[in-house]
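Because only heavy atoms are used, hydrogens play no part in the values below, and waters and symmetry mates are left out as well, while side chains stay in. This one's a predicted model, so the numbers in the text were calculated from it and none came from an experiment. Chain letters run A, B, ... following the sequence lines, proteins first, then strands; residues in each count from 1.
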Amino acid sequence: MTRETLDRNIQNIREEVLMLSSMVEQAMHKSASLFRSRDLVTARKVMSEDVEINGKRNAIESAVMIVMATQQPMAHDLRLLAGILEIATELERMGDYAKGIAKLVIRLGTSDYPVPYSDLEKMTELGISMLHDAITAFVKEDYKKAVRIPQEDDKVDALYDTVRQDTIDKIMAKPASAPQAQMMFAAAHNLERFADRVSNICERTVFICTGEFMEMESEDAEEDFYTEDDE
Amino acid sequence: MKSIEPPETRYALETQDLAIYYQTFRAVKDVSLKVIPRRITAIIGPSGCGKSTVIRSFNRMNDYISGSRMEGSILFHGKNLASADIDPVMIRRKIGMVFQRPNPFPKSILENITWGARINGIKENMGQLVERSLREAALWDEVKDILNQSALSLSGGQQQRLCIARVLAVRPEIILMDEPCSALDPIATLKIEELMRTLSSTYTIIIVTHNMQQAARASDYTAFFNMDTDRAGMMVEFGITNQIFTNPRDQRTEDYITGRFG
């Protein structure tokens, strides 16, 4: 072997990406449990732990820069490192969605608004499972698997549409519940975006493996409806 | 000069205000460099910045150039290598050197290893010494069946690793490498770099290279040298390699490593 140092550096960074992904997964998992528990201690914990997620993302960026500056990565190595920069940014933003949900639950407080638990939890479950699969495909550089994962996003989008309709119905029936209804719709929006970003990660994996850019985002049903920039 | 103080307090080698003259010309001035033990320190810089002059002073190779002299000090185990009462032969046993062009003796592979060890009075069993040295230099598997063949039958990369093995045979503390890969192809170069990485767990390595990508790839610390307005070489910046190549402190270093020099 002639590039042991480079290989070791890349392997370390790959493990850091895995670590970041698992931090984001846990954050979203905790956040989703808040719909039912309304546990403010956990909600604040999710918010404070987002700082660690941001820190990990920054550490990955510096590590990638050092390898690029010192090891002259080429071809696949270069695509992998450039892809990791993108993936780390996606993961960091996905952590922000978990934080956003925690914030919304804190604002919701003990309100008796009929939260669409089941749909929100299904969206979470799907999003986390998509993330898990996407990171596995990234680590194994399995681009065939990466191509299939964004198809799951259609299920998330369908649930999102259901929550949207549910929100409209509840506001029509009881206009005073509009603020809480809007909060839960915003939570659903975060979950919808979470799954969208999984598709971006899959696009990066395809790029790393093949060098080809492939658009994989499914039709964005929410785009014409909800235009507030959440990034 | 801007520098980052390395964490270790005991240095493998430490220069203080080192200046080196050729006749009346001051080729190098004001070099205060701390070399961390069992790490790889690279010296980079443009032609004429004095980097080879400095590394050659560390085992008194400049003694062969008439009219050369040193001011300041080079501390090694508390002794000043720059002073006249130092025995250069003893120093060269502790501080070995690998040169730009592989320069094996025109003898067998085996004799290349044993010759230096014999005249240095090494007591080690010669068979063991040959195997140890060649293994450490990552050459054993390639030459173990042809030890009696001429060293000149080896490829350039193998010859250079043989020269490294020859240095290792006398168990030095520091290995100086003056452009060790400039005569080698890219793959042989990467092999030497990985070998340096392995050796750095036991030995201190100082490498001079005009190939800054090599310094970036292979070293832990980097010293950037440049020529001052009076044409004397000087150390502009010293730091951890990762920092020098991502965020140098001195504009002159930035200009050099980004290719905007001069």
Side-chain angles (χ1 to χ4, degrees), chain A residues 1-20 23 51-93 141 204 207-209 211, chain B residues 4 39-42 44 138-139 141-142 155-158 160-161 180-181 184-201 205 207 209 211-222 224 237 239-249 253-254 256-259:
Chain A
M1 286 295 282
T2 47
R3 297 308 305 266
E4 282 160 35
T5 306
L6 174 62
D7 291 342
R8 196 169 48 242
N9 288 341
I10 286 178
Q11 188 49 32
N12 290 344
I13 294 174
R14 227 197 295 255
E15 279 163 22
E16 291 293 294
V17 173
L18 256 180
M19 178 69 82
L20 174 60
M23 288 162 82
V51 175
E52 289 164 33
I53 289 177
N54 298 346
K56 177 67 79 183
R57 186 231 161 233
N58 294 345
I60 290 171
E61 181 174 341
S62 327
V64 167
M65 272 186 31
I66 286 170
V67 175
M68 284 180 165
T70 62
Q71 298 298 318
Q72 299 95 43
M74 294 294 160
H76 172 270
D77 294 332
L78 185 59
R79 292 202 305 277
L80 175 61
L81 290 163
I84 283 173
L85 282 181
E86 292 283 337
I87 290 172
T89 305
E90 297 292 345
L91 288 169
E92 187 267 321
R93 292 276 161 78
E141 301 211 359
R204 284 295 133 188
F207 171 73
I208 290 164
C209 298
Chain B
I4 291 199
R39 292 288 184 278
I40 302 170
T41 299
I44 61 169
L139 189 59
D141 289 336
E142 292 162 59
S155 72
Q158 288 173 325
Q160 196 62 307
R161 278 180 281 144
C181 301
L184 305 182
D185 69 60
I187 299 298
T189 297
L190 291 171
K191 277 188 190 163
I192 299 277
E193 289 174 11
E194 288 302 339
L195 171 60
M196 286 163 60
R197 178 55 58 203
T198 312
L199 291 175
S200 69
S201 61
I205 297 175
I207 176 174
T209 174
N211 176 347
M212 68 181 139
Q213 283 78 20
Q214 175 166 62
R217 279 194 300 269
S219 72
D220 300 301
Y221 295 90
T222 297
F224 170 59
E237 184 168 354
I240 293 166
T241 297
N242 288 348
Q243 173 252 314
I244 293 278
F245 286 94
T246 54
N247 190 14
R249 306 279 187 254
T253 315
E254 173 99 23
Y256 181 71
I257 64 170
T258 59

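Shown here for B:A216 and A:Q71, the closest heavy-atom pair between the two residues is O-NE2, 4.0 Å.
Atom OG1 of residue A:T5 and atom CG of residue B:L190 lie 9.5 Å apart, to the nearest 0.5 angstrom.
A donor-acceptor contact shorter than 3.5 Å is absent between the side chain of A:E4 and the backbone of B:E194.
Ranking B:I257, B:I192, B:N242 against chain A, the residue ahead of the rest is B:N242, based on heavy-atom pairs under 4.5 Å.
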